There are 2 protein chains.
Amino acid sequence: MEETQHTDLNASTEAKIKEAARRVFLKKGYAATRTRDIAEESGFNLSLINYYFRSKEKLFDLIMLEQIQLFIISVMGIVNDPLTTLEEKITILISHYIDMLVKNPDLPIFVLSEIKENPESLVSRLGFDSPHFNPFIVKQWKEKVMAGTAPKVNPMHLVINVLSLTIFPFIASPLFRNRTGISLDEFNKLMEERKKLIPIWVKGMMAVG
Amino acid sequence: MEETQHTDLNASTEAKIKEAARRVFLKKGYAATRTRDIAEESGFNLSLINYYFRSKEKLFDLIMLEQIQLFIISVMGIVNDPLTTLEEKITILISHYIDMLVKNPDLPIFVLSEIKENPESLVSRLGFDSPHFNPFIVKQWKEKVMAGTAPKVNPMHLVINVLSLTIFPFIASPLFRNRTGISLDEFNKLMEERKKLIPIWVKGMMAVG
DNA sequence: GTCTATATACGGATAGAC
DNA sequence: GTCTATCCGTATATAGAC
């Protein structure tokens, strides 16, 4: 280790700037953030951004990449666990997502907006394009199909439904809270309830179709 | 009528620029679009944008407002129809949304991104903050509650679920299609299936909780 | 490493010819 | 109404002092 590298309060300047940039980019998106905003948020001078990261774009790419990788890695452990059943995995995944989203409510719209603008550039570097991406959960699903106990609807619908029911509320949260007048705390309480409800609902969906 | 005003191919320059702006804004968002992009997309000169609309911001506000109003008006007819039951309304709403989203897949992420950045400015002008906003569907719901036939889960969950299952697939479409490799046609066919499936699923959810 | 000052480019907007 | 040329503020990036 060439420098003192912490991630806590007395982190390096580089780390502090990166963290400040993460907050601003996630809040405003790439185009709407000015390097000045990042400088201000970090408490350091404008020029240090270029000193450490060369350019706004490189800094952004770095953050986006880290953000997505973090996300993927955390999910990998769950979908690859040979000790849990398929149903358990789904329940755990939902709970895990909701915890993460309560902490990072801006993440989904950030990632999905930026991917829409940049259709190819980043998704390709995600790492689960590789032929090795064949997690245990896929095996378990195939077994269900072989045993004839899989649902009759196109399984894509079920994947879409789990993600929709889990992620969308956070994307619509600003509009939703504005309309209903409920507080952030009340909203988060609703999301907490959904940890139990979504798995039940999804189980019900499997019987349909 | 002071000028010839069409909305078809030989529309006025003003209308053409507005339509070009709509396309570009919806695709890239406010911050990432340059007035030069709009000029190019419209086939007209840069200065005409300011000639007709004074500024980029005014043009954007106009489009955003029209977009949202269009959306609300189209929904009002459905939720205020005294001739349909509550269940029918939900089914019709879902079908209506999906049709609209197939035609304007960029709309949800556009509206939700811009609202997130601009928490108050526009939502307040929406028009359904008024005390007159008490559509027939609310009455029907209240009757259900009085009769004791309403579901036991917090009804907010059901509203969230309908919107999630309907809208989210379109938001995630770029990522989803990229990952699965399915074409836009196949995707739209999936969404067509959901017109029938979502009402069934939602009905099932009401029994839970 | 961190700051101040500055170069350079870009984007929104306007003046003025036609 | 539509174009060309241009102005001017702002944002990124760098040079150079400390």
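Just so we're clear, the structure is a prediction, and the values are computed from it rather than from any experiment. Within every chain, numbering begins at 1; the chains are lettered A, B, ... in the order of the sequence lines, protein sequences first and strands thereafter.
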List the atom of B/L62, the atom of B/F53, and the distance in Å for their closest heavy-atom pair.
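Scanning both residues completely, I find the closest heavy atoms to be CD2-CE2, 3.9 Å.
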Considering non-hydrogen atoms only, spot the tightest contact between A/L112 and B/A172 and give its length.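 Looking at all heavy atoms of both residues, the shortest contact is CD2-CA, 4.2 Å.
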Quiz item: Which part of the nucleic acid does B/F53 contact within heavy-atom distance under 4.0 Å: base, sugar-phosphate only, or nothing?
Solution: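 Answer is nothing: B/F53 stays at 4.0 Å or more from every strand.
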Rounded to the nearest angstrom, tell me the gap between atom [atom1] in [X] and atom [atom2] in [N].
X     : N      : atom1 : atom2 : answer
B/I17 : D/dC3  : CD1   : C1'   : 12 Å
A/I49 : C/dC3  : CD1   : C1'   : 14 Å
A/R34 : C/dC10 : CZ    : P     : 19 Å
B/K58 : C/dG12 : NZ    : P     : 15 Å
A/L48 : D/dA15 : CG    : C1'   : 14 Å

- Checking B/K16 against B/Y52: charged group under 6.0 Å from the ring centre and within 45 degrees of the axis?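 Cation-pi check for B/K16 and B/Y52: fails.
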Margin query: Are B/F25 and B/F60 an aromatic pair, judged by ring center distance below 6.0 Å?
Written below: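 Yes; B/F25 has its ring centre under 6.0 Å from that of B/F60.
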For nucleotides 13-16 of chain C, give me every protein contact, N/O to N/O, under 3.5 Å, one pair per line with atom names.
unit_1 : atom_1 : unit_2 : atom_2 : d
C/dA13 : OP2    : B/K56  : N      : 2.8

- Item | Stepwise side-chain hydrogen bond (donor to acceptor under 3.5 Å, both in side chains) test for B/S47 and B/N45 | CA-CA 6 Å; B/S47 58; B/N45 188 278; 3.0 Å; yes
Exercise. Would you please classify the geometry between the B/Y97 ring and the B/F71 ring as parallel, tilted or perpendicular, with 30° and 60° separating the classes?
Key: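 The rings of B/F71 and B/Y97 stand perpendicular, inter-plane angle above 60°.
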